[in-house]
Number of protein chains: 2
Amino acid sequence: MAIARPVDRRLFFMLDRAHTQLAKAADAHLSASSHVGTSQAAVLIYLGYHDNCRLSELSEGVGRNNSAITGLVSRMEEAGLVSRGHSHDDRRTKTVSLTSKGWTVRETVMNDFRAFNEKLVKGLNDREVDAVMKFLSLSVSNVAS
Amino acid sequence: MAIARPVDRRLFFMLDRAHTQLAKAADAHLSASSHVGTSQAAVLIYLGYHDNCRLSELSEGVGRNNSAITGLVSRMEEAGLVSRGHSHDDRRTKTVSLTSKGWTVRETVMNDFRAFNEKLVKGLNDREVDAVMKFLSLSVSNVAS
DNA sequence: CCTAACTATTACGCATACGAACGAATCTGT
DNA sequence: ACAGATTCGTTCGTATGCGTAATAGTTAGG
């Protein structure tokens, strides 16, 4: 259960720090080949698996709220990476889909991240990587209450 | 080595997502008792261990760059949590120290995070927690190059 | 002494995120 | 069929952080 080990109280800050540094490194990694940051990259990747989805679904998929998505999608629309559409079923909803340019950039981004993620787990064995992924999934639901 | 396992390419996004959700939860957790966010909380905790340190050291300690620290410290100074001082050795440098109010808030924040961090590792055994901490430390240096 | 390096600040523009509130559309219960 | 609740996307204001560049004071090296 790992209760109250002194080191535990630093866990969140270690995560925060790692995220800051890794996001910075990932941004640098990405902008070398494409002009997208990590937020936009997440959208590109998600849309590859769920093209033409609702904005709310995208919001859920990349873990940002509605208003963040509105701005994010708008910037990406201006950049020609995605386009908005309308749903036939429900006139409230709008959909997002990748443009052909979006698909191309996504391909680059995917390759970049494959290399990047391999760097992240350098020095860890499979068992440890599994523990990390388990933590990243579990912790979100642990605090969701 | 965990090379090219299909799941690896999602690692960074899982981290990104976890960080976003956890930061949001932590903010809610904190602002219930004190009026500080996670950035300011990090500063409070760091200063508890390195009171009266230089701004650059703080910058390194909490993983933000110099100009971000200037703004962060200014906001905290206005809130009465920290105060700026001058170094005797080097008159270029300025120092930051906790005010008595800062120490009080830090105490609250520390307790909040103890509880919060315990929630994060719920469902993980010690071995897995160790792997997570190892990952969070290692990954930063792995991409630092 | 002069110059180079360091330290912190400041200002600008930009990206990202949040919560709150809004209008429009849709669904639900009666 | 209609009133009320809910959902969806948007807009607004605010907070935070980054990069870059300019500024200014201080220190250290030659």
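In this text the structure is predicted, and so the values were computed from the model without any measurement. Just so it is clear: chains get the letters A, B, ... in the order the sequence lines come, proteins before strands, and each one is counted from 1.
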* Asked: With sequence neighbours left out, which residue pairs that include part of residues 40-60 of chain A fulfil the salt bridge (Lys or Arg N to Asp or Glu O under 4.0 Å) condition?
  -> A:Glu60-B:Arg17

Under 3.5 Å, which N/O atoms of the protein pair with N/O atoms of nucleotides 1-4 of chain C?
none

* Pick the nucleotide of DNA chain D nearest each of A:Thr93 and B:His88; which residue has the one closer to the 5' end? -> A:Thr93

* **A:Tyr49 six-ring face occupied by A:Arg106 cation (under 6.0 Å, within 45°)** => yes

* To do: Please tell me if the side chains of B:Val96 and B:Asn52 come closer than 4.5 Å, counting only heavy atoms from C-beta onward.
  => no

* Flag for A:Ser59-A:Asn65: side-chain donor and acceptor within less than 3.5 Å -> no

* **Distance, rounded to the nearest Å, where A:Arg54 contributes CZ and C:dA25 contributes P** => 17 Å

* To do: With rounding to the nearest 0.5 Å, note down the distance linking CG in A:Leu72 to OG in A:Ser67.
  => 11.0 Å

* For the side chain of A:Ser87 and the backbone of A:Asp89, is there at least one donor-acceptor N/O pair under 3.5 Å apart? -> yes

* C:dT26 OP1/OP2 closer than 4.0 Å to side-chain N/O of A:Arg91 -> yes

* Asked: What about the rings of A:Phe13 and B:Phe113, do their centers lie closer together than 6.0 Å?
  -> yes

* Flag, side chain of B:Asp27 to backbone of B:Gly37, donor-acceptor distance under 3.5 Å -> no

* Rounded to the nearest 0.5 Å, what separation is found between the CG atom of A:Leu120 and the CG atom of B:Asn142? -> 7.5 Å

* To do: Give a yes or no on whether the backbone of A:Arg75 and the side-chain of A:Glu78 come within a donor-acceptor separation of less than 3.5 Å.
  => no

* Check side chain to side chain donor-acceptor pair (under 3.5 Å) between B:Arg64 and all other residues, then give those that pass, not counting sequence neighbours. => A:Asp16, A:Thr20

* What is the distance from CG of B:Asp27 to P of C:dC18, rounded to the nearest Å? -> 10 Å

* Do any N or O atoms from the side chain of A:Lys24 and from the backbone of A:His19 form a donor-acceptor pair under 3.5 angstrom? -> no

* Asked: For the side chain of A:Thr38 and the backbone of A:Ala23, is there at least one donor-acceptor N/O pair under 3.5 Å apart?
  -> no

* To do: Could you tell me the separation between the CZ atom of B:Arg75 and the C1' atom of C:dT10, rounded to a whole number of Å?
  => 14 Å

* Structure fact -> Bounded by its outermost nucleotides with an atom under 4.0 Å from a heavy atom of chain A, the footprint on DNA chain D reads D:dT7 to D:dG19

* Within residues 62-70 of chain A, residues whose heavy atoms come under 4.0 Å of DNA chain C -> A:Arg64, A:Asn65, A:Ser67, A:Ala68

* To do: Look at the side-chain N and O atoms of B:Lys94 and state whether any lies under 4.0 Å from the OP1 or OP2 oxygen of C:dT7.
  => no

* To do: Tell me whether the OP1 or OP2 atom of C:dT16 has a side-chain N or O from A:Gln40 closer than 4.0 Å.
  => yes

* Structure fact -> Whole-Å distance, B:Arg84 CZ to C:dT10 C1', equals 12 Å

* A:Lys24 NZ to C:dT16 P: how many Å, rounded? -> 16 Å

* Could you pick out which residue, A:Asp89 or B:Asp90, lies toward the 5' side of DNA chain C when each is mapped onto its nearest nucleotide? => B:Asp90

Grab the N/O contacts between the protein and nucleotides 22-24 of chain C below 3.5 Å, and write none if there aren't any.
none

* Decide if the gap between the ring center of A:Phe135 and the ring center of B:Phe135 is smaller than 6.0 angstrom. => no

